[in-house]
Amino acid sequence: MKKISIVAACYNESKNILEMYNRVTQTMAKSPKYTYELLFVDNASTDNSREIFEKLVERDDHVKVICIARNTGSSQPSFWAGIHNATGDGIVPIDGDLQDPPEIITDFIKKWEEGYDVIYGIRTKRKGSILRRIGYACFYRVFKWLSYLDIPLDAGDFSLIDRKVINVIKQLPEKDLYLRGLRSWAGFKQIGVPYTREDRSAGRSSNSFFANFYWAKKAIINFSYKPLEYISRLAALAVIATFFAAIFYLYLHFTHGAPRGFSTLLMVMFIFGTIQLLALSIIGEYLIRIFQEVKARPPYVIGEILERRNKEKEEREERASWEEEK
């Protein structure tokens, strides 16, 4: 019997944990051909999430909780921790805020049975503020345009990934993680499943405008060379503009006398200074990524793993230890 691992990344989701558990349990009950495990990855929450996790672990063998030692600032390291500890034949990363409906997992499984290796959710509709919806729509289209990969539009981390694809991704040495990009990079047979992304049912999002901007920048830098290529093109345009400007000013010098105006000189300096700062900032972003990879620090540290104690297993281990001492 194949096993599916649902990896739920959580941070201060005490109001959503029980609903996530209930909806995943009901969804997997509709697929009796598969066994499953529900891995909650707690990103150092500061609410009462741990109390709820402990009760769930004692109640259900399917539940396991990975507690990250410190907050990593995003869900990506949490997904990574869950993926490395998952034992299923298929892995389903899902955000713990319930914006991605767990019921879609049933549709993922159907496509998995048809032979697809990666089944990702496509957010054809998104609830929430109009500005946020416009921002996400613009990001996915800019990202697809800039990336050297064929990135599917409006596809988040919510997906079902076959074990053979997971094994490929796990071999990658990079530490600056972006799961949906690595998923596309791996290739294999992929397909999307459309769904409506709900607004948060409870709690408050920890992703501010600046946090979303940071992740958009990170995705583009990690999976695109075009910003660096545009620097070269911009430099070529600046050289051409300078050449024609020099000819123009020489013409003015011999026909109308030396051109005057401090403001003209100042504007030229501002334009070229801005171009230089823009180029340095883009190069700096790539240098930051190189610096992070060279340090090779792990993206997460596991502080503790909560799981139901198997009394029979513990008794066997105690007997084996006692016999060895004897």
Side-chain angles (χ1 to χ4, degrees), residues 4-21 23-24 36-54 56-57 62-88 90-102 105 118 120-121 155-161 163 165-166 169-170 172-183 197 200-208 211-212 214-216 218-219 222 292 296-307:
I4 296 176
S5 299
I6 298 96
V7 178
C10 302
Y11 175 66
N12 289 346
E13 299 290 355
S14 59
K15 297 179 180 179
N16 293 319
I17 293 170
L18 286 177
E19 185 177 352
M20 169 68 77
Y21 167 76
R23 290 173 66 176
V24 167
Y36 73 97
E37 62 178 351
L38 175 56
L39 275 69
F40 287 102
V41 184
D42 183 54
N43 195 5
S45 294
T46 56
D47 59 4
N48 63 329
S49 295
R50 184 183 177 89
E51 299 175 9
I52 302 173
F53 285 140
E54 289 176 347
L56 285 179
V57 166
H62 295 103
V63 178
K64 184 177 179 181
V65 181
I66 301 171
C67 301
I68 304 298
R70 70 170 183 84
N71 185 270
T72 56
S74 79
S75 60
Q76 295 298 308
S78 298
F79 284 138
W80 216 240
I83 285 172
H84 277 268
N85 286 272
T87 58
I91 315 294
V92 179
I94 184 172
D95 288 319
D97 55 13
L98 290 171
Q99 289 184 275
D100 299 317
I105 295 175
V118 176
Y120 51 82
D157 296 311
F158 186 37
S159 56
L160 192 158
I161 310 174
R163 170 57 63 180
V165 182
I166 290 293
I169 295 176
K170 285 171 64 177
L172 300 176
E174 60 191 88
K175 309 300 179 184
D176 196 22
L177 309 170
Y178 194 66
L179 180 58
R180 65 195 76 172
L182 296 176
R183 185 183 64 199
R197 192 166 207 247
R200 290 182 65 91
S201 60
R204 184 178 179 182
S205 175
S206 58
N207 288 331
S208 63
N212 287 328
Y214 168 79
W215 282 105
K218 174 178 179 175
N222 279 353
Q292 290 176 337
R297 293 175 184 170
Y300 63 88
V301 176
I302 295 178
E304 186 180 1
I305 296 179
L306 306 178
E307 54 185 332

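- Counting heavy-atom neighbours within 6.0 Å of Glu304 CD, excluding the residue itself, gives a total above 12.
- Summarising the geometry of Arg163 relative to Thr87, their closest heavy-atom pair is NH2-C, 3.7 Å, with the distance given to 0.1 Å.
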Practice task
Please report the C-alpha distance between Phe79 and Val41 in whole Å, then the side-chain angles of each, then the deciding distance to 0.1 Å, and finally whether the side chain to side chain contact (heavy atoms under 4.5 Å, CB included) criterion is met.
Solution key: CA-CA 7 Å; Phe79 284 138; Val41 184; over 6 Å; no
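- The line from OH of Tyr11 to OG1 of Thr72 is 10.0 Å long, rounded to the nearest 0.5 Å.
- Here the closest heavy-atom approach between residue Cys10 and residue Gly96 is recorded as SG-CA, 4.1 Å.
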Which side-chain N or O atoms in residues 64-71 pair as donor and acceptor under 3.5 Å with protein atoms at least two apart or in another chain?
unit_1	atom_1	unit_2	atom_2	d
Asn71	OD1	Gly73	N	2.9
Asn71	ND2	Asn43	O	2.9

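- Residues Lys170 and Ile83 have side chains in contact (heavy-atom distance under 4.5 Å, counting atoms from C-beta outward).
- Of all non-hydrogen atoms in Leu179 and Pro93, the two that sit nearest each other are CD2-CG, 3.8 Å.
- Closest approach of Asp100 and Ile94 over heavy atoms only: O-CD1, 3.4 Å.
- In this structure, CG on Asp95 lies 8.0 Å from CE on Met20, to the nearest 0.5 angstrom.
- To the nearest 0.5 Å, atoms CG (Asp97) and CD (Glu19) are separated by 11.0 Å.
- The closest side-chain heavy-atom distance from Ile105 to Phe158 is below 4.5 Å.
- Considering every non-hydrogen atom in both Val24 and Pro102, the closest pair reads CG2-CB, 4.0 Å.
- Using cut-offs of 30° and 60° for the angle between ring planes, the Tyr300 and His84 rings count as tilted.
- Under the rule for a side chain to side chain contact (heavy atoms under 4.5 Å, CB included), the partners of Asp47 that lie at least two apart in sequence or sit in another chain are Asn12, Ser14, Ser45, Ser49.
- Of the inter-residue distances, the one linking Leu306 atom CG with Phe53 atom CZ reads 8.5 Å to the nearest 0.5 angstrom.
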Handout entry: Steps toward side chain to side chain contact (heavy atoms under 4.5 Å, CB included) verdict (Leu18, Leu56)
Key = CA-CA 8 Å; Leu18 286 177; Leu56 285 179; 3.9 Å; yes
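- Taking CD1 from Ile6 and CZ from Arg23, the interatomic distance works out to 13.5 Å, rounded to the nearest 0.5 Å.
- Summarising the geometry, atom CD1 belonging to Ile169 is positioned 5.0 Å from atom CD1 belonging to Ile166; distances are rounded to the nearest 0.5 Å.
- Ile161 and Arg183 make their closest contact through CD1-CD, 4.0 Å (heavy atoms, listed as atom of the first residue, atom of the second, distance).
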